[in-house]
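The next block holds one structure in the form of structure tokens; read it before the comments.
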Amino acid sequence: MSARDRILAAIRAARPAPLPPAEAIAAEAAALLDAPESVRPRPVEAVLAAEFVRKASALGTSFDHLPDRAAIPLAVKRYLDTHGLPPALALQPAPALAALDWTGIDTHDAVAPDQTAALGLALWGIAETGSLVIHSGADAPILLSFLPLHHIVVLEERSLLPHLEDYAARMAGQPQPRNAILITGPSGTTDIEGSYVRGAHGPGFLHVLMIGG
């Protein structure tokens with residue numbers, strides 16, 4: 001008996017007998033979808049923004065809470081100064097960001113392989129996991145989310161969603177982006193000798209500028 005045959009035989013021996021009929025399995029799956037609140041994790045915080053901050057902070061994401069978009073340049077300058085970075089960054093070429101007063105900060109829309117800092121917009125935030133949702137597009141280059149060491153992201157509180165399924169529901173019937181990215185904390189891995197390495201596959205620092213209300 002080959003190794004493959006032995007593995008398959010072990011799987012067959014371990015499975016329940018008799019197997020439930022396919023119709024019963026399908027009905028059980030449909031029942032879960034009919035009552036999603038029965039299987040979804042309940043948030044700890046009563047306010048969605050607080051739950052998002054709680055989950056994302058636990059993963060290493062830092063935050064700055066701002067009253068409006070006009071406060072973004074000053075918050076970016078403060079972040080760069082705090083980390084000893086030069087007053088320069090790659091800026092997502094979105095009209096909402098380009099219209100801000102960037103006096104004192106050198107902005108450019110080209111993302112270099114050794115980019116130190118970049119600023120972009122998140123479409124949604126998912127409170128359940130502390131994740132940011134970013135779609136690529138003509139004014140949202142995909143490398144902006146992968147190349148910089150410091151990734152600064154603007155997120156509107158009104159764009160927060162409770163669960164991942166809510167994002168899927170928002171996208172139902174909508175044009176699909178070429179790339180949809182879910183960013184959950186800064187990049188990190190423990191693949192190398194079990195030691196945590198920050199920034200192994202992407203930004204080593206993730207900072208969210210949360211715009212209230």
Side-chain angles (χ1 to χ4, degrees), residues 43-109 111 115-137 139-163 166-167 170 180-187 199 202-213:
V44 173
E45 302 288 345
V47 179
L48 207 57
E51 180 70 2
F52 179 86
V53 171
R54 185 183 75 85
K55 284 295 185 70
S57 297
L59 298 167
T61 303
S62 58
F63 283 86
D64 200 347
H65 297 269
L66 309 179
D68 51 44
R69 287 185 177 182
I72 291 175
L74 182 59
V76 169
K77 182 64 165 59
R78 184 166 58 244
Y79 178 87
L80 296 176
D81 289 344
T82 299
H83 289 81
L85 304 175
L89 79 161
L91 184 68
Q92 178 181 337
L97 295 178
L100 300 175
D101 181 6
W102 293 102
T103 302
I105 301 178
D106 177 23
T107 62
H108 50 277
D109 57 15
V111 187
Q115 187 68 51
T116 302
L119 175 70
L121 299 169
L123 291 179
W124 290 287
I126 300 173
E128 176 185 0
T129 58
S131 303
L132 299 165
V133 179
I134 295 176
H135 289 177
S136 64
D139 63 351
I142 193 70
L143 292 180
L144 198 75
S145 300
F146 291 98
L147 291 182
L149 177 62
H150 295 261
H151 191 196
I152 309 171
V153 182
V154 176
L155 175 65
E156 303 270 357
E157 279 191 26
R158 61 188 178 186
S159 299
L160 288 170
L161 303 173
H163 299 95
D166 299 306
Y167 162 59
R170 291 290 184 95
I181 314 163
L182 273 71
I183 300 174
T184 309
S187 169
F205 299 86
L206 179 61
H207 185 63
V208 173
L209 304 179
M210 183 86 83
I211 309 297

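Checked by atom type and distance alone, the side chain of Lys55 pairs as donor or acceptor with a backbone atom of Glu128 at under 3.5 Å. Under the 3.5 Å distance criterion, the side-chain polar atoms of Glu51 are matched with a main-chain donor or acceptor of Val44.
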Candidate pair Phe146 and Val111, rule side-chain contact (heavy atoms from CB on, under 4.5 Å), full reasoning: CA-CA 10 Å; Phe146 291 98; Val111 187; over 6 Å; no

Audit row: Leu132, Leu206, side-chain contact (heavy atoms from CB on, under 4.5 Å) steps and yes/no: CA-CA 10 Å; Leu132 299 165; Leu206 179 61; 4.1 Å; yes

Intermediate values then yes/no, side-chain contact (heavy atoms from CB on, under 4.5 Å), Thr61 and His151: CA-CA 10 Å; Thr61 303; His151 191 196; over 6 Å; no

Criterion side-chain contact (heavy atoms from CB on, under 4.5 Å) on Val47 and Glu45, from CA distance to verdict: CA-CA 5 Å; Val47 179; Glu45 302 288 345; 5.6 Å; no

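Taking CH2 of Trp124 as the reference point, atom OG of Ser131 lies at 14.0 Å (rounded to 0.5 Å). Rounding to the nearest 0.5 Å gives a distance of 11.5 Å between CG of Leu149 and CG of Leu147. Atom NE2 of His135 and atom OG of Ser145 lie 11.0 Å apart (nearest 0.5 Å). Expressed to the nearest 0.5 Å, how far CZ of Arg158 lies from CG of Leu155 amounts to 11.0 Å. With rounding to the nearest 0.5 angstrom, the CG atom of Asp106 is 6.5 Å from the NE2 atom of His108. Here the CG atom belonging to Leu85 is positioned 11.0 Å from the NZ atom belonging to Lys77, to the nearest 0.5 angstrom.
Between Ala117 and Pro148, the shortest heavy-atom distance links the atoms C-CB, 4.1 Å. Closest heavy-atom contact between Ile134 and Ala122: CG1-CA, 4.1 Å. Among all heavy-atom pairs drawn from Leu80 and Pro86, the shortest one is CD1-O, 3.7 Å. When all heavy atoms of Arg69 and Ala96 are compared, the closest pair comes out as NH1-CB, 2.8 Å. Between Leu144 and Ala118, the shortest heavy-atom contact is CD1-CB, 3.7 Å. Residue Thr129 comes nearest to Thr184 through the heavy atom pair O-CG2, 3.4 Å, listed as atom of the first residue, atom of the second, then distance.
Ring geometry for His65 against Phe63 counts as parallel: the plane angle stays under 30°, on a 0 to 90° scale with 60° as the upper cut. The aromatic rings of His150 and Phe205 sit parallel, their planes meeting at an angle under 30°, below the 60° perpendicular limit.
You'll find the side chain of Ile126 reaches within 4.5 Å of the side chain of Val133, heavy atoms only. Residues Leu97 and Leu121 have side chains in contact (heavy-atom distance under 4.5 Å, counting atoms from C-beta outward). Tyr167 places a side-chain heavy atom less than 4.5 Å from the side chain of Leu182. Counting heavy atoms from C-beta outward, Leu119 and Tyr79 have side chains that stay 4.5 Å or more apart. For the pair His207 and Val153, the minimum side-chain heavy-atom distance is 4.5 Å or more. Side-chain atoms of Ile72 and Val154, non-hydrogen and from C-beta on, do get closer than 4.5 Å to each other. Contact of the Pro141 side chain with the Pro93 side chain is registered, since non-hydrogen atoms from C-beta on lie closer than 4.5 Å. Residues Asp64 and Val208 form no side-chain contact, since every pair of their non-hydrogen atoms from C-beta on lies 4.5 Å or further apart.
Here the rule is side chain to side chain contact (heavy atoms under 4.5 Å, CB included) with Arg78, and of Val76, Leu74, Asp81 only Leu74 fits it.
Electrostatic pairing of Asp166 and Arg170 does not count as a salt bridge here, judged by no charged N lying under 4.0 Å from a carboxylate O.
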